Amino acid sequence: EVRATLERLSASGSKVLYLEADIRDQASVRSAVERARRELGEIRALVHGAGVLADRFIEEKTPELFDPVFDTKIAGLRHLLACVDSKRLKAVVLFSSVSGRFGRAGQADYAMANEALNKLAHSLSRRLPACRVASVNWGPWQGGMVTPSLRKVFEQEGVGLLPLREGGRHVVAELGAQGVESVVQVEA
């Protein structure tokens with residue numbers, strides 16, 4: 001799926017760079033961002049969509065379950081911001097979740113991470129008034145972390161899934177308004 005997307009983007013004339021990094025590891029993020037900067041130029045926008053689930057009831061949560069969920073969102077954003085010249089950013093789009101606002105059974109850690117991400121977005125927007133900062137509190141997408149079994153849960157609850165193209169168009173609209181010409185994806 002990733003290869004097909006990269007080929008489609010290349011065929012349309014886009015310069016494509018696909019990098020892998022452990023978003024929770026500062027050195028890994030720095031290496032990927034430095035390579036992106038060398039090959040594509042200065043970074044003007046960030047889209048932080050990394051997330052991890054470890055759904056368990058709160059009495060079953062351990063630091064080993066909590067830390068990856070929370071740190072993927074929060075440490076990940078901090079690592080990305082540490083690698084770019086924030087004064088040159090035109091846009092920052094953070095993928096948060098409605099779980100941060102409304103909660104969800106078994107997702108205390110995920111809800112905390114997403115609400116903390118919302119608060120960091122607010123703080124960042126005040127620090128960078130020339131940068132468009134958006135923390136989008138998504139519902140579930142038709143893909144990504146929504147596995148077939150989780151999809152069934154959402155269907156039973158009457159929760160609709162966001163089509164990938166529709167979500168993608170929303171992100172592009174957020175970025176396009178800021179004159180952002182290209183997007184680099186660093187896979188977490």
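Just so you know, these numbers come straight off a predicted model, no measurement behind them.
- The nearest pair of heavy atoms linking F57 to A105 is CE2-CB, 4.5 Å.
- In this structure, L89 and V133 have side chains that are not in contact, with every pair of non-hydrogen atoms separated by 4.5 Å or more.
- Closest approach of A113 to I74, counting heavy atoms only: O-CD1, 3.4 Å.
- In this structure a side-chain-to-backbone donor-acceptor pair under 3.5 Å is present from T62 to L65.
- Residues D55 and R104 form no side-chain contact, since every pair of their non-hydrogen atoms from C-beta on lies 4.5 Å or further apart.
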Task: Test log, rule side-chain contact (heavy atoms from CB on, under 4.5 Å), inputs V16 and T5 - done: CA-CA 10 Å; V16 178; T5 299; over 6 Å; no
TODO: Start with the C-alpha distance between K73 and S96, add both sets of side-chain angles, then the distance that settles side-chain contact (heavy atoms from CB on, under 4.5 Å), and finish with yes or no.
DONE: CA-CA 9 Å; K73 293 275 185 191; S96 187; 5.9 Å; no
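- Closest of all the heavy-atom pairs between P140 and F154 is CB-CE1, 3.5 Å.
- Judged by distance alone, with hydrogens and angles left aside, the side-chain atoms of S28 form no donor-acceptor pair with the main-chain N or O of A21 at under 3.5 Å.
- Looking only at side-chain heavy atoms (C-beta outward), I23 and H79 stay at 4.5 Å or farther from each other.
- Put simply, the side chain of H170 does not reach to within 4.5 Å of the side chain of L162, judged on heavy atoms.
- The backbone N or O of V69 sits nowhere less than 3.5 Å from a side-chain atom of T72 that would complete a donor-acceptor pair.
- Counting only distance, with no hydrogens or angles, the side chain of S31 and the backbone of A27 share no donor-acceptor pair below 3.5 Å.
- Rounded to the nearest 0.5 Å, atoms NE2 (H48) and CG (L117) are 5.5 Å apart.
- Residue S135 comes nearest to A121 through the heavy atom pair CB-CB, 3.6 Å, listed as atom of the first residue, atom of the second, then distance.
- No more than 12 heavy atoms of other residues, nucleotides or ligands sit less than 6.0 Å from atom CD1 of I58.
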TODO: Show the numbers, then the answer: is there a side-chain contact (heavy atoms from CB on, under 4.5 Å) between N137 and F102?
DONE: CA-CA 10 Å; N137 287 265; F102 301 110; over 6 Å; no
Open item on the list: As a quick check of understanding, evaluate side-chain contact (heavy atoms from CB on, under 4.5 Å) for R44 and R88, giving each step before the final call.
Closed with: CA-CA 6 Å; R44 304 281 188 200; R88 301 191 73 172; 2.8 Å; yes
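- Of all heavy-atom pairs spanning G100 and E115, the tightest one is O-OE1, 3.6 Å.
- In this structure the side chain of L94 never reaches within 4.5 angstrom of the side chain of L124, judged on heavy atoms.
- Annotation: side chain of L53 is in contact with side chain of L150 (closest heavy-atom distance under 4.5 Å).
- At least one side-chain heavy atom of F95 sits under 4.5 Å from a side-chain heavy atom of V47.
- The side-chain heavy atoms of D109 and F70, taken from C-beta on, include no pair separated by under 4.5 Å.
- Here the closest heavy-atom approach between residue Q142 and residue L161 is recorded as CG-CB, 3.4 Å.
- Salt bridge absent: E7 and R3 never bring a charged side-chain N and a carboxylate O closer than 4.0 Å.
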